[in-house]
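One structure is given below, encoded as structure tokens.
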Protein chains: 2
Amino acid sequence: MRDSAPRAVTAICQALEEQIEHGLLQAGHKLPAERKLSDVFATTRITLREALVQLEARGLVYREERRGWFISPPRLRYDLNARSHFHAMVQAQGRNAHTELLSAQAQPASAAVCGHLGLAPLSRVFSICRRRRIDGRLVLYVEHHLNPAFFPELLEHDLSQPLTELYARQYGIEYGQVRFEVAPTALGAQAAAALKVSAGSPGLRIVRVNRDRQGQVIDCDLEYWRHDAIALVATHG
Amino acid sequence: MRDSAPRAVTAICQALEEQIEHGLLQAGHKLPAERKLSDVFATTRITLREALVQLEARGLVYREERRGWFISPPRLRYDLNARSHFHAMVQAQGRNAHTELLSAQAQPASAAVCGHLGLAPLSRVFSICRRRRIDGRLVLYVEHHLNPAFFPELLEHDLSQPLTELYARQYGIEYGQVRFEVAPTALGAQAAAALKVSAGSPGLRIVRVNRDRQGQVIDCDLEYWRHDAIALVATHG
DNA sequence: GAGTGGTCTAGACCACCAA
DNA sequence: TGGTGGTCTAGACCACTCC
């Protein structure tokens with residue numbers, strides 16, 4: 001409980017933290033190479049990396065696979081009450097949003113997805129995978145799984161536009177009730193690769209199950225966020 | 001992206017995972033010593049520990065400071081819509097809840113707490129620190145900060161009982177609107193010590209700002225959860 | 001091609017927990 | 001008191017990024 005002689009890791013964390021707080025290192029700025037930093041702090045790479053991993057856990061720095069360590073930008077505020085989509089949310093906070101389509105296909109749904117959508121096992125669904133950036137930084141890997149009953153000929157349409165617009169314009173569907181499930185977990189292989197983070201790094205998993213105005217489940221989203229990229233906000237009562 | 005020869009860490013993770021899935025290792029069960037495990041997998045402690053840290057990030061195992069590694073129990077479902085308190089929530093899920101009072105005092109509030117409560121800087125508040133267990137496992141460190149205007153002579157009362165009951169019985173106060181802020185982060189020194197986890201391990205921070213039926217802010221809670229102990233659930237619209 | 005991060009080895013000492 | 005986890009050292013090789 002006592003720190004008579006503070007650990008090396010703690011000392012490194014505090015030093016870097018102070019630099020960040022005083023603005024000497026700014027959001028998005030790249031840190032020096034690990035070997036250089038371990039020289040600066042007169043320690044080994046292993047020890048230095050442990051300090052960086054702790055700062056990563058606290059959300060002060062992040063890494064891009066094989067590219068190095070960077071100073072984290074502020075978290076996006078994700079309001080569960082608001083009915084807005086990613087781009088609107090990001091732009092409302094004065095930041096730049098970008099979405100990239102990774103894949104779109106009809107395929108048999110996983111057991112979990114069948115459960116969320118209330119479909120029979122092995123039902124086919126439309127699955128759309130995308131990744132999203134805020135100010136250029138990869139922050140979100142998301143799989144949309146759509147109940148095909150509501151979306152005939154889905155794959156014929158332009159899927160690079162916001163889905164909510166496609167829903168409204170092509171199918172006359174608008175969101176009603178939304179159910180969220182949120183749990184901190186490690187990013188799986190797919191999400192990690194898409195976000196260019198090392199497999200097993202911490203993330204936040206958000207499952208959205210969306211209903212239309214009549215209360216029917218129309219689709220579900222599996223979102224995998226960099227853990228330090230968002231802060232959820234919700235009001236109840 | 002390819003795993004021609006899977007990493008040692010990955011192989012260890014998969015082996016342990018399989019044991020857990022097949023029920024050979026059950027919730028709460030303690031794993032063998034790190035040195036023994038590193039022998040079993042013919043690797044070094046460093047490598048073995050990295051595998052354990054990854055499983056920890058995924059919520060499959062957890063550790064208690066200086067006591068070893070254990071298999072994680074299922075997550076508690078924390079329903080943001082429900083108005084129930086910790087004990088009711090835990091018991092409703094067939095598990096055993098326990099609360100321990102760590103401290104209770106009147107003190108100047110931090111800047112963040114003043115902001116949440118809408119008080120002038122350096123206002124005095126009642127601060128109550130507790131830690132909570134599920135089935136004996138430490139999972140939550142929480143600080144309650146109460147606006148003293150609503151709670152005259154608070155410290156005279158029995159603070160080991162559920163606060164909601166105290167509010168209702170002694171002060172005639174019931175919760176109205178609740179606002180949540182949720183962010184994954186590392187556990188701070190205080191929370192880590194209280195939960196007996198190594199400082200800097202991953203956690204989930206939840207801030208609750210509670211209003212009464214008239215819409216006045218009466219208190220706020222700063223909750224620090226073991227990251228693998230809960231899954232949030234919320235419904236909107 | 002140089003330099004970087006990702007991964008791994010083979011030890012060591014200390015503080016603390018349990019017996 | 002013996003064994004454990006927490007911490008740290010001093011290297012190494014490889015795959016990839018970036019120039």
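Every heavy atom of this structure was used, including side-chain atoms; hydrogens, water molecules and symmetry mates were not. Throughout, protein chains are lettered first and strands after them, A, B, ... in sequence-line order, and every chain is numbered starting at 1.
Every pair passing side-chain hydrogen bond (donor to acceptor under 3.5 Å, both in side chains) that includes a residue from residues 180-199 of chain A is listed here, sequence neighbours excluded: A:Tyr141-A:Gln190.
Counting heavy atoms from C-beta on, the side chains of B:Leu117 and B:Cys220 come closer than 4.5 Å. Between A:Ile134 and A:Phe86, the closest side-chain pair of non-hydrogen atoms falls below 4.5 Å. B:Leu76 is listed as a side-chain neighbour of B:Trp225, based on a closest heavy-atom distance under 4.5 Å.
The number of heavy-atom neighbours closer than 6.0 Å to NZ of A:Lys36, taken from other residues, nucleotides and ligands shown, is 12 or below.
Closest approach of B:Gln107 to B:Ser127, counting heavy atoms only: NE2-OG, 3.0 Å.
In this entry the distance linking CD1 of A:Ile12 with C1' of D:dT9 reads 13 Å, nearest Å. Summarising the geometry, the separation between CZ on B:Phe70 and P on C:dC17 is reported as 13 Å, rounded to the nearest angstrom. Here D:dC8 presents its P atom at 12 Å from CD1 of A:Ile46, a figure rounded to the nearest Å. Distance, B:Asp39 CG to C:dG11 P: 12 Å, rounded to whole Å. Between the OH atom of B:Tyr62 and the P atom of D:dG5 there is a distance of 14 Å, rounded to whole Å. When the P atom of C:dA19 is taken as reference, atom NZ of B:Lys30 falls 10 Å away, rounded to whole Å. Whole-Å rounding puts the B:Arg45 CZ to D:dT9 P distance at 15 Å. What separates NZ of B:Lys36 from P of D:dG2 is a distance of 16 Å, to the nearest Å.
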Polar atoms only, N or O, under 3.5 Å: list the protein pairs with nucleotides 17-19 of chain D and their distances.
from: D:dC18; atom 1: OP1; to: A:Arg67; atom 2: NH1; distance (Å): 2.2

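Across all strands shown, B:Arg63 has heavy atoms under 4.0 Å from sugar-phosphate atoms exclusively, and none from any base.
Taking the side chain of B:Arg35 as heavy atoms from C-beta on, and the options D:dG5, C:dT9, C:dG6, the nearest nucleotide is D:dG5.
Relative to the six-membered ring of B:Tyr62, B:Arg137 meets both conditions, a distance below 6.0 Å and an angle of at most 45° to the axis.
Here B:Thr43 reaches the OP1 or OP2 of C:dT9: one of its side-chain N or O atoms lies under 4.0 Å away. For the pair B:Thr47 and C:dT9, the criterion of a side-chain N or O lying under 4.0 Å from OP1 or OP2 is met.
No donor-acceptor contact under 3.5 Å links the side chain of A:Arg7 to the base of D:dG6.
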